[in-house]
Amino acid sequence: MNSTSPHILMCPPDHYGIEYEINPWMSTARQADHATAVEQWLLLRQVLVDCGAKISEVPPVAGLPDLVFTANAAIIYRQQAVLARFKHEQRQGEEPYFRQALESQGFSVSEAPGDFSLEGAGDALFCGETLFAGYRLRSDALGHQQIGAMLGVRVLPLELVDPYYYHLDTCFCPLAPDAAIYFPPAFDDYGQRVLAEHVSKLIPVEENEARCFACNAVVVGRTVVTNSGCPQLHQQLRQAGYSPQETPLSEFVKAGGSAKCLTLRLDGEEAAAWANTRTASS
Ligand code: ARG
C-alpha cells in the first residue's frame, strides 16, 4: 500500500438490522428501514470517495448484522492489525471475517493478548503519539496496556461511564495530533483531566448533539463527516479551520453507530502522528 490517498474499510449493509440488544440504543422493536439504511450507507461512501478516500470492502455475511461497523474490526498500527475480540457473543462471529479482510489487505494480523475483550478502533484512537483507549463497557484496560507494549506505543486509558457512550469513538474524535472533539460527561473526572492535559485543543459537544453522534466523525484531511443534526459542532469546526460535512445516518443510530463506526482507516487516522510521518516521507 504505497498509495497516498486515505484508505478506508467499509462493509455494505446487505444483512444489517437490529437483531439483538447489546447497547442502550438498540431495540429489536425499533427496526432499521433496510432501503433507507442502504441509501444512507451509499451516501456516506460517496461523501468519503468525494473527499479523496479509497474504499475497500468486507463482503457482508448473513447473520452478522453489525459487521457493517468496521471500526470495531481491529486496532491498526502501520502494517499491523490487532484483531478485535468482541465482548458479546452476538458479534464474535465477525472476527474471522475481519481477519480475512485485513489479511487480504496485506496486514500482519495478531490476536488480542490474554483473554481480554477488545473492540478495535471503536475503543482505541491515536491522537498524536498516544493511543487513547476507552475501557469498562466493551474493552479491558489491561488488554490495551498489553497492546501498547506489543506495539511500542504509549496508552492512556479512559474509563467510559455512560452506557450510551459505550465505545470511545462515540464520545471522542481526534482531529489532528493536538486536537479532538469530545463529550465530557462520558468520562469520569480523571479521564477529563487526562484529555485536558494531553490534547491542547479540545472541542466539547453539547448533550443533544452528542446524542446525534457528533463525536462519531470521520476525519479525512480537514473534512469532518458526521451524522446530520450537529450544527453547533459544525460551527465550532468551521471556526477551527475544518470543513464539516453532514450526511444522514439515522438507521445506523438505531444500532448505536454512526459515521465513524461504519469505517476503519487502514492507513492511519489523520490525528495519528505515525501516519503523518509516513505520509510526509512517502
Ligand atoms: N451495534 C453495535 C454494537 O453495539 C454498534 C457498534 C458501533 N461501533 C462503534 N465503533 N462505536 O457493538
Side-chain angles (χ1 to χ4, degrees), residues 8-11 13 15-32 34 37 40-41 44 48 58 60-61 63-76 81-95 97-98 101 112 117-126 131-140 144 158 160 162-174 180-183 186-187 205 210-219 225-227 249-266 269:
I8 292 173
L9 187 70
M10 295 180 75
C11 171
H15 304 291
Y16 169 70
I18 315 299
E19 293 175 20
Y20 44 76
E21 299 172 2
I22 57 171
N23 69 52
W25 301 90
M26 300 176 90
S27 161
T28 51
R30 217 162 57 97
Q31 202 39 249
H34 186 71
Q40 292 182 340
W41 185 89
L44 172 66
L48 298 174
V58 183
V61 178
L64 296 176
D66 277 340
L67 196 65
V68 292
F69 298 114
T70 52
N72 296 121
I75 296 172
I76 301 293
V82 184
L83 195 65
R85 186 179 295 123
F86 286 95
K87 174 164 183 158
H88 296 100
E89 65 168 359
Q90 291 94 327
R91 293 199 67 185
Q92 288 165 359
E94 298 173 31
E95 294 163 17
Y97 296 97
F98 282 141
S117 65
L118 279 161
E119 300 203 348
D123 265 334
L125 295 165
F126 281 96
L131 186 62
F132 289 87
Y135 72 95
R136 193 159 83 89
L137 298 173
R138 291 295 183 89
S139 301
D140 294 317
H144 282 140
L158 297 166
L160 302 178
D162 181 338
Y164 277 93
Y165 303 96
Y166 58 95
H167 278 141
L168 182 63
D169 69 1
T170 63
C171 50
F172 176 65
C173 175
I181 303 166
Y182 80 133
F183 177 52
F187 302 94
V205 308
R211 288 251 168 185
C212 287
F213 281 80
C215 299
N216 199 245
V218 185
V219 185
V225 182
T226 71
N227 184 24
L249 290 162
S250 58
E251 298 318 294
F252 297 97
V253 168
K254 292 175 180 171
S258 184
K260 178 58 184 283
C261 304
L262 292 165
T263 66
L264 179 67
R265 186 75 182 257
L266 295 178
E269 305 282 350

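Scope of the values below: all heavy atoms of this structure, side chains included, with no hydrogens, waters or symmetry mates. Order of listing sets the numbers, starting from 1, for every ligand and every atom in it. The first residue in the sequence is number 1, and the count goes up from there.
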Can you tell me if N72 uses its side chain to pair, donor with acceptor, with the backbone of A84 under 3.5 Å?
-> no
Number the atoms of ligand 1 from 1 as they appear, then name those within less than 4.0 Å of a heavy atom of A71, with their elements.
-> 10 (N)
Under 4.0 Å from any heavy atom of M26, which atoms of ligand 1 are there?
-> 1 (N)
Heavy-atom check, side chain of C11 versus side chain of Y97, under 4.5 Å | no
Which ligand 1 atoms does D66 reach within 4.0 Å, using its non-hydrogen atoms?
-> 1 (N), 2 (C), 3 (C)
Hey, does E119 come in under 3.5 Å of ligand 1, counting only N/O atoms on both sides?
-> no
For N227 and A259, indicate whether the former's side chain and the latter's backbone hold a donor-acceptor pair under 3.5 Å.
-> no
Quick one: which ligand 1 atoms are inside 4.0 Å of a heavy atom on G256?
-> 7 (C)
Test item: R91 side-chain N/O and F86 main-chain N/O as donor-acceptor pair under 3.5 Å | no
For atom 10 (N) of ligand 1, what is the nearest protein heavy atom, given as residue, atom name and distance?
-> D169 OD2, 2.7 Å
Between W25 and V253, the two heavy atoms sitting closest are CB-O, 3.7 Å
Short list, please: which atoms of ligand 1 are under 4.0 Å from a heavy atom of I22?
-> 3 (C), 4 (O), 12 (O)
Are any of the N or O atoms of N72 closer than 3.5 Å to those of ligand 1?
-> yes
Out of W25, Y165, Y166, who gets a non-hydrogen atom closest to atom 7 (C) of ligand 1?
-> Y166
Just distances here: any N/O of N216 and N/O of ligand 1 closer than 3.5 Å?
-> no
Just say parallel, tilted or perpendicular for the rings of F183 and Y165, cut-offs at 30° and 60°.
-> tilted
Taking both backbone and side-chain atoms of C261, is any N or O found less than 3.5 Å from an N or O belonging to ligand 1?
-> no
Kindly say whether L9 contributes a backbone atom to a donor-acceptor pair with the side chain of T70 at under 3.5 angstrom?
-> yes
Give a yes or no on whether the backbone of E119 and the side-chain of S139 come within a donor-acceptor separation of less than 3.5 Å.
-> yes
H88, portion touching ligand 1 at heavy-atom distance under 4.0 Å | neither
Can you list the atoms of ligand 1 that are under 4.0 Å from a heavy atom of R138?
-> 3 (C), 4 (O), 12 (O)
Donor-acceptor under 3.5 Å (Q31 side chain, G17 main chain) = no
Can you sort out which atoms of ligand 1 are near N23, meaning under 4.0 Å from one of its heavy atoms?
-> 1 (N), 3 (C), 4 (O)
Considering the heavy atoms of G122, write down every atom of ligand 1 situated less than 4.0 Å from one of them.
-> 10 (N)
Trace of the side chain to side chain contact (heavy atoms under 4.5 Å, CB included) decision for N23 with R138 | CA-CA 10 Å; N23 69 52; R138 291 295 183 89; 3.8 Å; yes
Under 4.0 Å between heavy atoms, the region of K260 that gets near ligand 1 turns out to be neither
